[in-house]
2 protein chains.
Amino acid sequence: MKVLTKKTDYAIRALLMLAAKKGNYVSTKTISAEQDIPYQFLRGVLQEMIRHGLITSKEGVQGGFMLEKDPDEISVKQVMEIFQGEVQVSECMFRKQICANRSHCVLRHEIMRIEQVVNDEFQKITIGGLLGKLTAAKSAKPAGNESYKSASAKP
Amino acid sequence: MKVLTKKTDYAIRALLMLAAKKGNYVSTKTISAEQDIPYQFLRGVLQEMIRHGLITSKEGVQGGFMLEKDPDEISVKQVMEIFQGEVQVSECMFRKQICANRSHCVLRHEIMRIEQVVNDEFQKITIGGLLGKLTAAKSAKPAGNESYKSASAKP
DNA sequence: TTAATTGACATCAATTTAGTATCAGTTTTG
DNA sequence: CAAAACTGATACTAAATTGATGTCAATTAA
Ligand code: FES
Ligand code: FES
């Protein structure tokens, strides 16, 4: 059972780059290269995020994408919902006879509780939070990689 | 995002029937009809459960399937693992540079915690538990449906 | 003007999930 | 015994989802 699809995965990674380089437009090409994500596929992912108001774009030379919202306001759950829809367990087990008393069903309660937990947890994870932790880990262990440094590298 | 596939769904429903009619062999035909599950598909599901030691079978007339284990020992998680494999989040985000320090990665920790929670919760739900709750709900609200009554109907 | 970009689609390939079909072997029962 | 009701094993097909590519028009900095 896979929880995160490629689209979600790529989207989060792209968002992290945008968050890291906040204030600058970053092109698909750059993200694609740095994160090793198929170019055209990534384009689709980015456009979808525009439609959902997470990022904005600028066309033409020096164009690209930029975060629209506060990184701390973008949760992994939001991204998942864009690309994978809501968490849903199973339409309804035991349709036939058993589930006459639907509102009563205990299994349903149990399983919806799990859904809730999953949702809550993914809600708590935000782009801002992730970025903070990633850069923290980075500076604690300088292993020659500088990809996600604190942005605004163009004074 | 769907958590339970048809196979898991069908498997659980079949197991519940077997648990309800414990001690008797129940045929695919019967389960298929009562639960409205495609006959041939269900056969495959049942055979897979034999291979995993959850049930046993008897061939020929009056044959069918029977629970092998205690219903309380069969968790939804076990069934899920048979038909859907382990819960896994995503191979690894940020493969390239970022994940040099893999053992260090906080995101990974967070996400594995969610995996853990999901697993724990599905582990707690057992066939026995479900059956108990279903029959309880049934007797509390007798709506003309008798499918899952207490079994051993052949004295 | 040209090169670097995004916007908007259309299309394709791969994988996973869902469902069907077939034939051989086993067991009860008339 | 022979027919009918079953499972075992396995091959196959169909549908849905996921992953990826391609194309052309529009925009913009240099
Ligand atoms: S699963 Fe349908 S009401 Fe319980
Ligand atoms: S996601 Fe790969 S180590 Fe963090």
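Residue numbers begin at 1 in each chain, while the letters A, B, ... track the order of the sequences. Keep in mind the model is a prediction, meaning the values are calculated, not measured.
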> Are any non-hydrogen side-chain atoms of Val3(B) and Met80(B) less than 4.5 angstrom apart?
Replying inline: yes
>> For a quick test of reading the model: is some side-chain N or O of Tyr25(B) closer than 4.0 Å to OP1 or OP2 of dT27(C)?
In response: no
> Among residues 43-54 of chain A, which residues get a heavy atom nearer than 4.0 Å to DNA chain D?
Replying inline: Arg43(A)
> With Ser57(A), which residues qualify under side-chain hydrogen bond (donor to acceptor under 3.5 Å, both in side chains), at least two apart?
Replying inline: none
> Given a cutoff of under 4.5 Å between side-chain heavy atoms of I, L, V, M, F, W and Y, with clusters grown through shared members, what are the other residues clustered with Tyr39(A)?
Replying inline: none
> Rounded to the nearest Å, what distance is computed from the CG atom of residue Leu4(A) to the P atom of nucleotide dT17(D)?
Replying inline: 18 Å
>> Between Ser32(A) (side chain only) and Ile37(A) (backbone N and O only), is there a donor and an acceptor less than 3.5 Å apart?
In response: yes
> So which heavy atom on His52(B) is nearest to which on Ile82(B), and how close?
Replying inline: CB-CD1, 3.5 Å
>> Filter on salt bridge (Lys or Arg N to Asp or Glu O under 4.0 Å), then keep only pairs touching residues 63-89 of chain B, sequence neighbours left out; what's left?
In response: Lys77(B)-Glu81(B)
> Who pairs with Lys29(B) by salt bridge (charged side-chain N to carboxylate O under 4.0 Å, His left out), at least two apart in sequence or on another chain?
Replying inline: none
Produce the list of close N/O pairs, under 3.5 Å, pairing protein atoms with atoms of nucleotides 3-6 of chain D; give distances to one decimal.
from: dA5(D); atom 1: N3; to: Val61(B); atom 2: N; distance (Å): 3.2
from: dC6(D); atom 1: O4'; to: Gly60(B); atom 2: O; distance (Å): 3.3
from: dC6(D); atom 1: O2; to: Gly60(B); atom 2: N; distance (Å): 3.3

>> Once ring pair (Phe, Tyr, Trp, His ring centres under 6.0 Å) is applied, do any residues pair with Phe41(A), and if so which ones, sequence neighbours excluded?
In response: Tyr10(A)
> Are any of the side-chain nitrogens in Asp120(A) or Lys124(A) under 4.0 Å away from the carboxylate oxygens of its partner?
Replying inline: no
> Separation of Lys6(A) atom NZ from dA20(D) atom P, in whole Å?
Replying inline: 6 Å
> If you look at every heavy atom in Ile31(B) and Leu18(B), which pair is closest and at what distance?
Replying inline: CD1-CD2, 4.1 Å
>> Restricting to side-chain hydrogen bond (donor to acceptor under 3.5 Å, both in side chains), what partner residues turn up for Asn119(B), sequence neighbours left out?
In response: none
> So how far off straight is the helix from dT1(C)-dA30(D) to dG30(C)-dC1(D), going by the axes through five pairs at either end, to 10°?
Replying inline: 0°
> In residues 76-84 of chain B, what residues come within less than 4.0 Å of DNA chain D, judged by heavy atoms?
Replying inline: none
> With a cutoff of under 4.5 Å between side-chain heavy atoms, which Ile, Leu, Val, Met, Phe, Trp and Tyr residues group with Tyr25(A)?
Replying inline: Met66(A)
> Atom CE of Met66(B) and atom C1' of dT7(D): how far apart are they, to the nearest Å?
Replying inline: 14 Å
> Any salt bridge (Lys or Arg N to Asp or Glu O under 4.0 Å) pairs touching residues 58-67 of chain A, not counting sequence neighbours?
Replying inline: none
> Do the side-chain N or O atoms of Lys2(A) get closer than 4.0 angstrom to the phosphate oxygens (OP1, OP2) of dG19(D)?
Replying inline: yes
